[in-house]
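Right, one structure below, let's go through it.
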Amino acid sequence: NIAIINCLRGMLIECLFVGLSYFLLLLIIGVDFKLATIIGFISGFTNAVPLLGPLAFFIISIIYAIMVEDFTSFIPFITQDNLFIAICVCAVIVLVLDNVVYQPVLVGSAVSIHPLVIFLGVIGGSLIAGFAGVLLAIPVIVVIKEFFQTLFKELKDYSII
């Protein structure tokens, strides 16, 4: 139970960091503060389901890019005409950060599993079971880890090994 709670806590922190990353990148490219907050919150919240967060961000941001009439950015080369490209770049940056930094480090440290194991487990889960494998990879890794850890502890306690 403790391992699953720690896993959920790590995933919640990961979602917070992803939402904050989307929020900050949207502010940098010049999106209104309120809209950046809403888009960041929705994208971070939906990131609990793998790949749904980036999809939600992309859909909401593209709708914003199509509907915005007067857009000015802090960055001089981002205009209303190339806002779509800036949004795609933001989505890719956060997706890479999530898969390479946030998920392995934050979730891995919450459940005391090396980040490389988390990274390889998510890739292996996607290869074996597709989307369901991505979704269930970390909980399965946590359960397997706890199973073997408890097994070896009990075997040592009974002097079997």
Only residue of Val105, Ile123, Ile138 satisfying side chain to side chain contact (heavy atoms under 4.5 Å, CB included) with Ile118 is Ile138

Looking at side-chain heavy atoms only, is the closest gap between [X] and [Y] below 4.5 Å?
X: His114; Y: Pro104; answer: no
X: Gln149; Y: Lys145; answer: yes
X: Leu151; Y: Leu155; answer: yes
X: Ile29; Y: Ile87; answer: yes
X: Ile63; Y: Ile60; answer: no
X: Phe74; Y: Ile28; answer: no
X: Leu25; Y: Ile93; answer: yes
X: Ser61; Y: Tyr22; answer: no

Write down the atom of [X], the atom of [Y], and the distance for their closest heavy-atom approach.
X: Ile62; Y: Phe84; value: CD1-CD1, 3.0 Å
X: Asp32; Y: Tyr64; value: N-OH, 4.2 Å
X: Ala48; Y: Cys15; value: N-SG, 3.4 Å

Distance (rounded to the nearest 0.5 Å) between [X] [atom1] and [Y] [atom2]:
X: Phe45; Y: Leu52; atom1: CZ; atom2: CG; value: 10.0 Å
X: Asp98; Y: Phe17; atom1: CG; atom2: CZ; value: 11.5 Å
X: Ile59; Y: Ile42; atom1: CD1; atom2: CD1; value: 11.5 Å
X: Asn47; Y: Leu95; atom1: CG; atom2: CG; value: 8.5 Å
X: Ile5; Y: Leu12; atom1: CD1; atom2: CG; value: 13.0 Å
X: Ile38; Y: Leu26; atom1: CD1; atom2: CG; value: 11.5 Å

Identify whether [X] and [Y] are in the same connected component of the hydrophobic contact network (ILVMFWY, side-chain heavy atoms under 4.5 Å).
X: Ile78; Y: Phe33; answer: no
X: Tyr102; Y: Ile141; answer: no
X: Leu116; Y: Val134; answer: no
X: Leu83; Y: Ile75; answer: yes
X: Val92; Y: Ile39; answer: yes

Show, in sequence, the C-alpha distance, side-chain angles and deciding distance for Ile144 and Val140, and conclude whether the side chain to side chain contact (heavy atoms under 4.5 Å, CB included) test is met.
CA-CA 6 Å; Ile144 290 171; Val140 168; 3.7 Å; yes

Neighbour count above 12 (heavy atom, 6.0 Å) for Phe71 CZ: yes

Look only at the side chain of [X] and the backbone of [Y], and say whether a donor-acceptor pair between them is shorter than 3.5 Å.
X: Asn82; Y: Thr79; value: yes
X: Gln80; Y: Val68; value: yes
X: Thr46; Y: Ser43; value: yes
X: Ser21; Y: Val94; value: no

Kindly state whether the ring of Phe57 and the ring of Phe23 have centres lying under 6.0 angstrom apart.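 No, ring centres 6.0 Å or more apart.
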
Between Ile113 and Val142, does a side chain to side chain contact (heavy atoms under 4.5 Å, CB included) hold up when you go through it step by step? CA-CA 8 Å; Ile113 296 176; Val142 169; 4.1 Å; yes

